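Only one structure is covered here, and it is reproduced in the block below.
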Amino acid sequence: MGKYKVAINILLLSVVCYYLLHASSIIEYKNDIVIKIHVGTFTSIALTIIISLFFIKYIFLKYESNNTNKITEDIVETKEKYVKRAERMIDRWSGKQQQVDRKNPTNEMILHRNSVDQDYSTFYNETPKLTPILTECEVLVVGGGPSGISAALAAKRTGADTILLEKFGCFGGVITTVGMETIGWYRYEGTVESQGGIGIEMERIAAKMGGTIKWPYNDSECLDADYFKIVADHLLTEAGVRPILHCSAVEVMLENNQIIGIITESKSGRLAIRAKRVIDCTGDADIAYLAGCSYRKTPKDEMLGVSTIFSCSNINKERFLQYTEDNPATYADWSGLWTQETSGKEDQLRTPYLDKEFQKAKDLGIIPKTSPIGGSWSSLTDAGEATNLNLVYMTNYDCTNVMDLTKAEMEGRKETLHAILALKHIVPGFEKAKLRNFGMTLGCRDSRKIIARYNLTGDDVKNQAKFYDSVGIFPEFIDGYNIIILPTSGRYFEVPYGCLLPLEIDNLLVAGRCVAGDKISHAAMRNMAACTVTGQGAGVAAAISLRQGVTTSQVDIELVQNELIRQGVRIH
Ligand SMILES: Cc1cc2nc3c(=O)[nH]c(=O)nc-3n(C[C@H](O)[C@H](O)[C@H](O)COP(=O)(O)OP(=O)(O)OC[C@H]3O[C@@H](n4cnc5c(N)ncnc54)[C@H](O)[C@@H]3O)c2cc1C
């Protein structure tokens with residue numbers, strides 16, 4: 001405040017001098033200089049000063065009182081925020097079904113199985129069938145991706161008889177069926193994350209078994225997608241998890257708002273599996289959906305895109321690496337197909353990104369101007385293979401709509417040929433590239449997210465949220481919906497058990513990319529390593545709830561956390 005007062009005094013003094021010099025007359029009297037001031041001028045100067053002083057005092061008082069009000073308001077708001085958060089936690093753990101924060105963007109509708117999500121006009125009435133029971137178990141995990149493997153290992157290691165069921169012929173989910181190998185690419189200098197837990201274990205075991213290649217720009221490992229099938233088999237077999245492959249869950253068995261098993265379809269026909277606890281790790285929340293749980297889905301035109309992942313052989317690795325050294329890409333360049341928000345600190349970090357090369361191919365008429373191509377490369381083998389080329393990104397597809405899936409699979413293959421054509425013409429090292437393979441399936445990033453007892457928010461992820469019922473931590477790593485924030489600051493948030501608990505059905509837990517949250521929290525929780533955190537949390541909670549003889553919503557969170565800590569997980 002002192003600074004302003006000095007400035008105002010100087011201003012007033014300048015006004016006085018101005019008046020003195022311009023409104024007064026200077027007379028020389030017997031060698032002395034006399035300044036003669038007119039009475040009128042003097043009065044007007046005095047009046048100006050008095051009025052100005054009143055005016056300034058009024059402004060200062062107003063400013064100071066506004067400022068004090070604002071500080072008080074801030075304190076009250078922060079206090080209210082924390083009191084509300086504490087109340088929510090107490091409610092959750094006293095078993096009360098709390099008011100769910102439905103403050104999702106207005107364009108995200110809350111849906112459930114009977115919602116008119118897909119518009120059918122005619123129906124066929126299936127006759128009821130007697131379904132043989134294939135087997136039963138304590139914990140049934142549906143979906144064998146990063147979350148499913150973690151859930152099954154964690155449940156079994158906590159002592160539950162556990163089955164892991166998967167619709168494809170291998171475990172690994174997006175890693176092995178889509179071909180995405182980069183489980184730890186976010187791990188730049190400064191990242192704080194759990195040093196234990198199943199995600200880290202998967203990476204370490206894969207590296208030990210010779211199934212990884214170093215990621216180009218930090219110390220993380222890329223998993224060899226094919227080799228990871230063997231790593232997953234090894235981990236699950238060693239732990240004693242009962243595997244079932246080539247088998248899809250298509251219906252649920254419910255009794256008194258609790259799940260008691262699922263119906264499957266496979267080459268063996270339609271078979272039931274009874275289970276005391278079910279964990280939905282299908283990525284799309286298929287089980288929660290079939291059980292009638294509410295969920296949210298981002299409107300199709302705002303959903304994250306789908307990708308066809310492919311790999312090429314016959315690459316000149318040295319020549320290509322030299323090209324990337326001469327033309328380094330940074331995160332500031334991640335904006336070819338979309339506008340990209342960063343927090344600034346990422347902008348100058350190196351990234352294996354190709355975009356301007358495809359723009360050039362379009363300008364030269366090598367590929368169509370409309371081709372949705374641009375993205376990243378990762379592993380390069382000494383045998384001249386570029387595996388995991390994540391270059392075809394297609395939008396406006398809903399992965400829970402079979403006709404969209406069909407169209408996207410075919411468009412993805414067509415666009416892959418365009419991508420290879422452009423690489424051959426424009427990118428040194430790729431001149432003789434050949435298509436080596438496609439992922440077994442299209443890669444889907446975004447579909448159903450359940451509505452749970454707690455719905456994680458972008459605010460939680462960006463503000464280092466802490467939760468009483470934390471089942472693990474995850475770094476502030478956001479990748480999606482035009483935002484890329486890398487965890488170079490050491491910031492991290494806690495993942496609450498509440499976001500795995502569907503509202504309507506007990507003894508069903510949901511883990512992986514379909515846990516409850518908004519768009520921004522999804523852009524963090526969809527990452528493989530985050531999926532392993534929710535998977536492990538769900539597996540342990542399911543097993544402990546059995547041991548305690550309570551449902552999954554009533555489980556003692558302290559017991560769950562103690563077991564997670566015993567398994568190497570960092571909780572807070
Ligand atoms: C193209 C692409 C690139 C990505 N890049 C990265 C990356 O670089 N790094 C990163 O960390 N994350 C990345 N992600 C995100 C991440 O891979 C996924 O979000 C993550 O794998 C989700 O794990 P999940 O276990 O929830 O589901 P998924 O990995 O999708 O696994 C679900 C499993 O359930 C099976 N399943 C589904 N429905 C049924 C059913 N009804 N019955 C039986 N089985 C079923 C599926 O076959 C699948 O194996 C990427 C995703 C995509 C699509």
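Worth knowing before you read on, the calculation uses all heavy atoms, side chains too, and leaves out hydrogens, waters and symmetry mates. Predicted, not measured: the structure shown is a model, and the values here were computed from it. Each ligand, and each atom within it, is numbered from 1 in the order the structure gives.
Residue contacts with ligand 1: Cys247 is included, with a non-hydrogen atom under 4.0 Å away.
Trp215 and Trp185 have tilted rings, their planes meeting at an angle from 30° to 60° on a 0 to 90° scale.
A donor-acceptor pair shorter than 3.5 Å can be found between the side chains of Asp506 and Thr552. Side-chain contact annotation: Glu181 with Thr387, donor-acceptor N/O pair under 3.5 Å present.
Which parts of ligand 1 touch Gly145 is read off a 4.0 Å heavy-atom cut-off, strictly below it: atoms 25 (O), 29 (O), 31 (O), 33 (C).
In terms of polar-atom proximity, Gly172 is not counted as a contact of ligand 1, lacking any N or O under 3.5 Å from an N or O of the ligand. For the pair Thr177 and ligand 1, the shortest N or O to N or O distance does not fall below 3.5 Å.
Between Thr182, Val141, Leu290, Ile262, it is Thr182 that holds the heavy atom closest to atom 7 (C) of ligand 1. Taking each of Gly439, Ser147, Gly144 in turn, the one with a heavy atom nearest to atom 25 (O) of ligand 1 proves to be Ser147. Considering each of Asn390, Asp286, Val515, the one bringing a non-hydrogen atom nearest atom 41 (N) of ligand 1 is Asp286. Nearest to atom 4 (C) of ligand 1 by heavy atom, out of Glu181, Met525, Met180, Met528, is Met180.
Partner Asn388 forms a side chain to side chain donor-acceptor pair (under 3.5 Å) with one of Ser378, Ser311, Ser379 and no other, that one being Ser378.
Contact annotation: for Cys514 versus ligand 1, there are no heavy atoms closer than 4.0 Å. Only the side chain of Trp185 comes within 4.0 Å of ligand 1, counting heavy atoms alone; its backbone N, CA, C and O stay farther away. By the criterion of a heavy-atom distance under 4.0 Å, both the backbone and the side chain of Pro146 are placed next to ligand 1.
The pair Arg526-Asp479 meets the salt-bridge criterion, with a side-chain N (NZ, NE, NH1 or NH2) lying under 4.0 Å from an Asp/Glu carboxylate O. Ion pairing of Glu385 with Arg436 is present here, as a side-chain N (NZ or NE/NH1/NH2) and a carboxylate O approach within less than 4.0 Å. Taking a cutoff of 4.0 Å between a charged side-chain nitrogen and a carboxylate oxygen, Glu166 and Lys229 do not qualify as a salt bridge.
Aromatic ring centroids of Tyr454 and Tyr497 lie 6.0 Å or more apart.
Nearest to atom 14 (N) of ligand 1 among the protein's heavy atoms is Arg526 NH1, 3.7 Å. Nearest to atom 22 (C) of ligand 1 among the protein's heavy atoms is Cys531 SG, 3.6 Å. Of the protein's non-hydrogen atoms, Glu166 OE2, 2.6 Å is the one closest to atom 47 (O) of ligand 1. Residue, atom and distance of the protein heavy atom nearest to atom 34 (O) of ligand 1 are Gly143 CA, 3.1 Å. For atom 42 (N) of ligand 1, the closest non-hydrogen atom of the protein is Ala249 N, 2.9 Å. Closest to atom 44 (N) of ligand 1, if we only count protein heavy atoms, is Lys167 N, 3.2 Å. Scanning the protein for heavy atoms near atom 17 (O) of ligand 1, the closest one is Val174 CG1, 3.2 Å. From the protein, the heavy atom lying nearest to atom 1 (C) of ligand 1 is Arg445 NH2, 3.3 Å.
Between Leu508 and Arg277 the shortest side-chain heavy-atom distance does not fall below 4.5 Å. Put simply, the side chain of Ile478 does not reach to within 4.5 Å of the side chain of Ile484, judged on heavy atoms. You'll find the side chain of Leu236 reaches within 4.5 Å of the side chain of Phe171, heavy atoms only.
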